Protein chains: 2
Amino acid sequence: MAEREAGGSTGRAATLSDVAKLAGVSIATASKAINGRDQVAPATRQRVMAAAEQISFTPNELARGLINGRTGTVGLLTSDLEGRFVIPILMGAEDAFGAGQVNVFLCDARGDAIREQHHLKALLTRRVDGIIVVGRQTDPRPSLGHDIPVPVVYAYAPSDDPTDISITPDNRAGGRLAVEHLLSCGRRRIALISGDPAFAAAQDRAVGVREALTDAGLELVGSPMYSDWSEHWGRDASAMLLRQYPDVDGIVCGSDQIARGALDTLRDLGRDVPGDVAVIGYDNWEILATNSRPGLTTIDANLQQLGRVAATRIFDALDGAGGAGSTEVTGGTEHLPVRLVIRGSTIPRR
Amino acid sequence: MAEREAGGSTGRAATLSDVAKLAGVSIATASKAINGRDQVAPATRQRVMAAAEQISFTPNELARGLINGRTGTVGLLTSDLEGRFVIPILMGAEDAFGAGQVNVFLCDARGDAIREQHHLKALLTRRVDGIIVVGRQTDPRPSLGHDIPVPVVYAYAPSDDPTDISITPDNRAGGRLAVEHLLSCGRRRIALISGDPAFAAAQDRAVGVREALTDAGLELVGSPMYSDWSEHWGRDASAMLLRQYPDVDGIVCGSDQIARGALDTLRDLGRDVPGDVAVIGYDNWEILATNSRPGLTTIDANLQQLGRVAATRIFDALDGAGGAGSTEVTGGTEHLPVRLVIRGSTIPRR
DNA sequence: GAAACATCCGAAATGCTTTTCGGTACGGTA
DNA sequence: TACCGTACCGAAAAGCATTTCGGATGTTTC
């Protein structure tokens, strides 16, 4: 009886000893042959490789991880329900090394601290090489603490503990970039509509906006308008803005959603974009930015790059800790540059 | 010298033998005590647990997986760049068993078959218990084949091989549901604006729409309008529609994006929604559906449920294959029910 | 007081790969 | 012919947890 191989879908995976037996060598030799170590005669290597191919042998990464202490896996801990931030960051982390070198466990804690602890424990149990914590705001979040046996990197949302390693987009530079672009489009009467003022993102971007205006010898039209990050607010705020300052010719929006709302209102009021008023958003949320009329110029946070850097920091920390050279991985918050994406809402197209 | 424990961030993780030594028992006893097996005196168990707690021991899941052949991990293979489908499916898969029981490797192939193969190989190497393949369309996709040593389930996009296990939302039922809802709102002159007719989703939903209308003794106003899934098309199509059939009182849209475009045009033309015309979308893409004016009634594909079912099928297949009972896991495409989400675009609010 | 029995614990094998180190065979040298 | 070096190969341990089975207690019963 034993077990049938019928479906092929159940056959126990081939092991190295199967390969060795088939090739007529010892397990040790098979291992060396497959992993390209020397100490193996070319003919023998050939034979082993052929055998491995024949029974489609793939080394068991579990056993491998057991030995060398590295699993080549990383845990991504998030509460980003939309996946808006986490997916690009994940792709970046995958890319940091060759494709398939590193695999990522994605864990969604759904904003629940208990669930986050569960996931954390599960990840440690699986011996991930490191953990990337992704928040959905750029406000500092509580640190996971320092009694974790693997490196932890905080991405997007920095840790509130300055000795942790954090990587976050440079919102201030983003604010500057937005204004500088509007200025280069010849705009001089620029207003700011942003989201919830309790968010660091709102504050930081506003600082950048102000700096750039000051540098140009200008001032903001009216005071910055804060409420929430929604399209509704974008619509309402821009209506108010235009009633009070009809000669505004540029609007910096704190998010693409707000910008969408602003575009809506401008249309309703018969203002031409970008002819009368140029509008710039923030986030480069494709679904919003590319479908608006006109397309939305916006600031992209380079999240993929952010993921790449985060993964790199983890393995830097590992190598630093293990090696004798002690490449001292220092904590602190690293601000990554952002990028301007130009579409029709600031520069006429076609 | 040896190595310092200073930071605490480098200390080699505790092993079972550390616990055993500390508790003054053998490794075997420590294992039994921690895993709640009997054959251990209560007092001994206490002692072991305390020791484990003290040095914060977590069992090495790699070693565990090596023994019992199950790793408790699942690979999620996708090309869904947006993460719009894959995130809910992932959450469902995580939920299928208790939190932290199953961890998911998320791999983004970016639409590249080569990269997909790389990821597939990497996942097998890591001895995942199964693989969920998530497409971004409901059109059948090429099967990964049958020479994979673990169960494979195709989610959202079914496999083109009918002997594979596929799980996909019931688009036809969705189409019916949309029309039935409009009918229940008293609409009788209903039109359909959908996306790319080459997509199965477009066709299936249209079939459902027609069926429901026929059942009610009605016909579609005009012929179904197909082009792409964008807001632009939604705007243009609805403008054309209203020019030709000014008395339309209900529009079924093939996606939320199209519906957004339609809402835009209706506004521009001074039609009241839902007073004059009711609009219903498809997908329940929150960012679009909740921010429109009015909020968009739409069909939700229950993706989280889909992920849950997919994960369940994998472990069913595993148990079926291993067990003697042979719970015969048959292939085929399973259509999961969808759900109506009512907002202001069909029923006046407030 | 001796035999039968239940209880609890530990040595050792298992799963799979890597690595070290000792061993074999062969060609060449004195 | 006796010896040495080289090039290959293999036995065995290590890495960690689980499980089986035999052994060591202590308890009950006749």
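Treat the numbers as computed from the prediction; the structure is a model and nothing was measured. In what follows, chains are A, B, ... by sequence order, proteins preceding strands, each numbered from 1. Every heavy atom of this structure was used, including side-chain atoms; hydrogens, water molecules and symmetry mates were not.
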Starting at CZ of Arg37(B) and ending at C1' of dT7(C), how long is that distance when rounded to a whole Å? 17 Å

Report yes if at least one side-chain N or O of Ser26(A) is closer than 4.0 Å to OP1 or OP2 of dA11(D); otherwise report no. no

For atom CG of Leu62(B) and atom C1' of dT18(D), their distance in whole Å: 15 Å

Just the rounded figure in Å: distance from P of dT18(C) to CD of Glu61(A). 9 Å

Tell me: CG of Asp38(B) to C1' of dC21(D), nearest whole Å? 15 Å

Could you state the atom-to-atom distance from CD1 of Ile34(B) to P of dC9(C) in whole Å? 14 Å

Of Phe57(A) and Ala30(B), the one whose closest DNA chain C nucleotide lies more 5': Ala30(B)

Are the side chains of Glu334(B) and Ser166(B) in contact, using a 4.5 Å heavy-atom criterion? no

Rounded distance (Å) that lies between atom P of dA17(D) and atom CG of Asn60(B): 6 Å

Across the strands shown, which category fits Ala28(B) at heavy-atom distances under 4.0 angstrom: base, sugar-phosphate, nothing? base

Hey, does Ile27(B) reach any base, or is it just sugar-phosphate, or nothing, if we go heavy atoms under 4.0 Å? base

Expressed in angstrom and rounded to an integer, what is the separation of Arg64(A) atom CZ from dC16(D) atom P? 18 Å

Counting only side-chain nitrogens and oxygens, does Thr15(B) get under 4.0 Å of the OP1 or OP2 atom of dC16(D)? no

Please work out whether the ring planes of Phe97(B) and Phe315(B) are parallel, tilted or perpendicular, with thresholds of 30° and 60°. perpendicular

Check this one for me: any side-chain N or O of Thr29(A) less than 4.0 Å away from OP1 or OP2 of dG10(D)? yes

Looking at dT20(C), dC8(D), dC8(C), which one has an atom nearest to any side-chain atom of Gln39(A)? dC8(D)

Is there side-chain contact between Arg127(B) and Asn60(A), with at least one heavy-atom pair below 4.5 Å? yes

Let's see if you can work this out: which of dC9(C), dT17(C), dT19(C) has an atom nearest to the side-chain heavy atoms of Ala41(B)? dC9(C)

What's the CG-P distance between Asn68(A) and dA13(D), to the nearest Å? 21 Å

Taking only the side-chain heavy atoms of Thr44(B) (C-beta and beyond), determine which of dC9(C), dC21(C), dC8(D) contains the nearest atom. dC9(C)

Which of these nucleotides, dC16(C), dT18(C), dC8(C), is closest to any side-chain atom of Ala63(A)? dC16(C)

Partners passing salt bridge (Lys or Arg N to Asp or Glu O under 4.0 Å) against Arg141(B) (at least two apart in sequence or in another chain): Glu116(B)

Start with the C-alpha gap between Thr29(A) and Thr44(A), add the side-chain angles, then the distance that decides, and say whether side-chain contact (heavy atoms from CB on, under 4.5 Å) holds. CA-CA 9 Å; Thr29(A) 304; Thr44(A) 310; 4.0 Å; yes

